[in-house]
Structures are given as C-alpha cells and as structure tokens.
Amino acid sequence: MSGEGRAKEEGHGKISRVIRLGTRKSQLARIQTDSVADKLKELYPDVHLEIVAMSTIGDKILDQALSKIGEKSLFTKELENALERNEVDIVVHSLKDLPTALPLGFTIGAVLERESPNDAVVLHPKNAGLTLDALPDKSVIGTSSLRRAAQLKKRFPQLEFENIRGNLNTRLRKLDEKDDYAAIILAAAGLKRMGWEDRISQILGPDDCMYAVGQGALAVEVRARDKDILEMVSVLHHPDTVLRCIAERAFLRHLEGGCSVPVAVHTEVKESVLYLTGAVYSLDGADCLKETMQTIIAPNSAAEECVQDGVHVGVTANNIPASSKAAAEKLGVDLATLLLSKGAKDILTTARQLNDAR
C-alpha cells in the first residue's frame, strides 16, 4: 500500500484499511482531529482510523512570543515529518498554522467548512459584562498575535497589549487565576469547538479586528502522491471556504507575510462574487494600508468539469471548478500587488525589523 495506510484483518476475514491521523496533543487539536475522523467514519465505515498525537515546537517553547521564534512551521513540522516517514497518513491542522508554501510532496487535500473566523474577547471574571470600549484606561489585554495587537492598538489606544502564550486552556487559566490581564483575545472558532462559547464576551467584527489568513478553517494535509487518500478526503472540501482561503493564502504569499508581521484579511461570498479585504499594519497600528477587491467565482460555464488542475497555494481541490480556484488565487495576488504598489513592503519590512529587535 506504499505506506498510504495499512491493511487490517477483521474477525470475519474481511480486509479493511487503517488510516492514521496525526495531530498535536492539545485538547483543541484533539477535538478538531476527532471531528474530522468522525466525518470520515461516517463516509467510509469500512476504514479503521487511528489517531497519533505528538508535540510540536510551538507547543514546547512557551516563554517566547510566536513571532520571535523565527520558525515558519511552529505547529506543523513534527506532524509533517511523521507524514513524510509514513508514520501517519493524514494530518489535521488549523489552516492558519500552515505556511502558504508547503514542503515538497505535501498538499492540503481538504479544507472543511469554516467556523467563525473572527476574534473574540474573553474578559477577566471581575470585568464581566464589559466590552473593550468600557474597560478602564491602561487595562492590559493579552494576545500572542502581532496582527491583533496592531489593529486593536489603533482602535483602542487607551488600552495596553502584552504577550500571552500557551494553548487555550493555559491562556484562560492565566487570565482567570491572576490579575495580570483585564481580558485576552482568542479565536472564536477555538472557543466554540471547545464548548466554551459562554466565555465569549464580545466578537470583534472587521471594523475592530480583521482575522488571520485561514482562521477558523480546518485543513487536512496529505502526501501528494497518495491519490486514493487525496480522493478520500476531498469530499470534506467546503467550496466557499476553499475559495475564500485560496484568495487569503495567495494574498499573504504574494505579500511575503507570515506570523512575524501584522497582515489581516476579511472575505465573504455573496451571489457568486468573492470579496477580499486585506490590510498590512505597522506594529503600533499607526501605519495601515487596507483595500478591498472582488471577483466572480461562478464556473466559466455550466458544463465546466472539475479537472485535475494542480495546486492552488498548497490546496488540491479537484472537485471544485478550475476557473473558480484560478479566480480566487488571482484575486489574492492582485490585492497584494495593489498594496505593494502603495508601500506595503516598507511597512512590513519595518514591522519585521522592529519585532526582531525587541
């Protein structure tokens, strides 16, 4: 089976497939991987799924800001190493953790329907019922994201922003058990998947804080050569989410952005039109370039077949019309080109240098 999965003989002599899913060890990562496994079990009842959990660099280094560690694949490298060694066949990630250029031989075989991509405010219990606007001046807000800090410093100049690291459980514990933070900012999707929606005090809309590329979406990474596994997971693709995320990833890749610079996006699909808003910020949020563009993502013709047209910013989605994917990718590149023509490179270069110097 060329390492794409193993055979397992059941009691009645039937040979069944064993597929191994790799995941990080955190509770949220396990919940996300279990949700993908449940969908696959429903679709392929004869397939045996085994979950293999492991720690990544990002899970181990908790005393530094993510943007300072300097490793692009903080939460993915160990998982991809296991994929390369055929120790696992599928890896489930938060799409926002995946670099826009994947290692050779790997591809994103499925992008599942997006949970809310927005950021959420979680208040210290003593501030229950308040919003960011209503917090006392100089209140300290915890976030590990330069993107969030840059936007929120501009929007709420009376507040102070400090780094906070750790998985969701750890960050909530740091908030609740100490008086260091008045609130922390987290992805709404993670809180919802953990069943902690009741901790969300405020959802930040695009006027307050646009989100990270791919935020809220789950990605299934596979070996590109494993055509049968690629086909198996492709049914999990959610077309609108795929097209939005292709546009977002193309935007980020063309900007040459990453987690060490503040880049934010907002996308939506309305009546076959994909809208992409993208922005770059200085670290303090004072400098900002922001633009919106749109494209039609309806297939070129009703008869357009889904063809094997290769990879779009790391995503293989042969069951989605080629012209739609090409339009989404071009939208991202065009918007990045527009921002670069207005000086985005200078803003990002300065942000990167200042962050490195901290």
Side-chain angles (χ1 to χ4, degrees), residues 24 26-36 38-39 75 92-98 108 110-123 130-133 141-152 155-156 164 167-169 171-172 175 183-220 236-249 251-252 259 262-271 273-279 290 292 297 315 328 332:
R24 291 166 61 194
S26 78
Q27 186 183 355
L28 177 59
R30 286 303 304 263
I31 285 171
Q32 293 178 165
T33 303
D34 288 345
S35 74
V36 172
D38 289 344
K39 286 183 170 68
F75 295 110
V92 179
H93 304 280
S94 292
L95 181 58
K96 73 172 181 177
D97 292 337
L98 276 175
I108 297 166
V111 179
L112 284 76
E113 183 171 6
R114 198 173 208 167
E115 179 53 88
S116 164
N118 296 314
D119 289 315
V121 178
V122 179
L123 292 167
L130 298 181
T131 59
L132 289 183
D133 264 328
I141 312 300
T143 173
S144 58
S145 160
L146 296 179
R147 168 191 61 80
R148 290 172 181 148
Q151 293 180 83
L152 295 172
R155 175 73 179 77
F156 302 99
I164 184 169
N167 60 36
L168 273 185
N169 311 56
R171 279 182 273 177
L172 284 170
L175 172 71
I184 58 176
I185 313 294
L186 300 167
L191 290 162
K192 288 181 176 184
R193 289 185 182 123
M194 293 284 273
W196 295 341
E197 240 174 309
D198 60 333
R199 289 304 308 265
I200 296 176
S201 308
Q202 183 181 357
I203 292 284
L204 297 173
D207 291 340
D208 289 329
C209 191
M210 296 201 302
Y211 40 81
V213 165
Q215 185 160 312
L218 296 183
V220 179
L236 300 175
H237 271 310
H238 182 254
D240 278 5
T241 303
V242 171
L243 295 172
R244 288 170 65 188
C245 290
I246 283 175
E248 292 171 19
R249 285 170 63 80
F251 172 71
L252 182 64
C259 73
V263 174
V265 293
H266 177 76
T267 49
E268 53 187 334
V269 174
K270 286 184 194 169
E271 297 175 350
V273 178
L274 171 60
Y275 298 85
L276 169 64
T277 301
K290 179 176 169 183
T292 301
I297 50 166
V315 180

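The residues of the chain are indexed from 1 along the displayed sequence. If you're wondering where the values come from, they're calculated on a predicted model, not measured in any experiment.
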Notebook entry, point to check: Hey, what do you get for CG (L168) to CG (L191), rounding to the nearest 0.5 Å?
Noted result: 5.5 Å
Check: Only one of P117, P206, S116 forms a side chain to side chain contact (heavy atoms under 4.5 Å, CB included) with Y211, so which one is it?
Finding: P117
Item checked: Beyond-backbone contact of N169 with W196, side-chain heavy atoms, under 4.5 angstrom -> yes
Item checked: side chain to side chain contact (heavy atoms under 4.5 Å, CB included), paired with R171, selected from I184, T143, V122 -> I184
Check: Is there side-chain contact between L123 and V121, with heavy atoms separated by less than 4.5 Å?
Finding: yes
Check: Would you say the side chain of K290 lies within less than 4.5 Å of the side chain of M210, judging by non-hydrogen atoms?
Finding: yes
Notebook entry, point to check: Would a distance-only check, ignoring hydrogens and angles, find a side-chain to backbone donor-acceptor pair under 3.5 Å from Q202 to L132?
Noted result: yes
Item checked: Under 3.5 Å: donor-acceptor pair, side chain of E268, backbone of Y275 -> no
Notebook entry, point to check: Looking only at heavy atoms, what is the nearest atom pair of L274 and A247, with distance?
Noted result: CD2-CB, 3.9 Å
Note to self: Can you give me the closest heavy-atom contact between L243 and A328, atom names plus distance?
What the structure shows: O-CB, 3.4 Å
Next item on the list: Considering non-hydrogen atoms only, spot the tightest contact between A217 and R114 and give its length.
Entry: N-CG, 4.0 Å
Next item on the list: Kindly write out the residues that satisfy side chain to side chain donor-acceptor pair (under 3.5 Å) with R148, not counting sequence neighbours, or none if the list is empty.
Entry: D119
Checklist line | Worked verdict on L112 versus V220 for side chain to side chain contact (heavy atoms under 4.5 Å, CB included) | finding: CA-CA 8 Å; L112 284 76; V220 179; 3.9 Å; yes
Item checked: Sub-4.5 Å side-chain heavy-atom contact between I108 and H93 -> no
Next item on the list: Would you give the length of the straight line joining atom CZ of R244 to atom CD1 of I297, rounded to the nearest 0.5 angstrom?
Entry: 10.0 Å
Check: Taking all non-hydrogen atoms of both residues, which atom of V263 and which atom of R147 are closest, and how far apart?
Finding: O-CD, 3.2 Å
Item checked: Contact summary for Q215 and N118, nearest pair of heavy atoms -> NE2-O, 3.6 Å
Note to self: So which atom in G216 and which in R193 form the shortest heavy-atom distance, rounded to 0.1 Å?
What the structure shows: O-NH2, 2.8 Å
Checklist line | T33 (side chain) donor-acceptor with R30 (main chain) under 3.5 angstrom | finding: no
Notebook entry, point to check: Given the rule in the side chain to side chain contact (heavy atoms under 4.5 Å, CB included) test, do L186 and L172 qualify, once you have shown the distances and angles that lead to the verdict?
Noted result: CA-CA 10 Å; L186 300 167; L172 284 170; 4.2 Å; yes
Margin query: If we ignore hydrogens and angles and just use 3.5 Å, is the side chain of S26 paired with the main-chain N or O of A29 as donor and acceptor?
Written below: yes
Notebook entry, point to check: Taking atom CZ of F251 and atom OG1 of T267, what is their separation to the nearest 0.5 Å?
Noted result: 11.5 Å
Check: How about Q27 and N167: do any of their side-chain heavy atoms sit closer than 4.5 Å?
Finding: no
Next item on the list: Show your working on side chain to side chain contact (heavy atoms under 4.5 Å, CB included) between V315 and C245 and close with a plain yes or no.
Entry: CA-CA 9 Å; V315 180; C245 290; over 6 Å; no
Checklist line | Nearest-0.5 Å distance, CG of residue L236 to OG1 of residue T241 | finding: 12.0 Å
Check: In Å, rounded to the nearest 0.5 Å, how long is the span from OG1 of T277 to CD of E248?
Finding: 10.5 Å
Checklist line | Euclidean distance, C209 SG relative to R155 CZ, rounded to 0.5 Å | finding: 11.0 Å
Note to self: Any non-hydrogen side-chain atom of Q151 less than 4.5 Å from a side-chain atom of P262?
What the structure shows: no
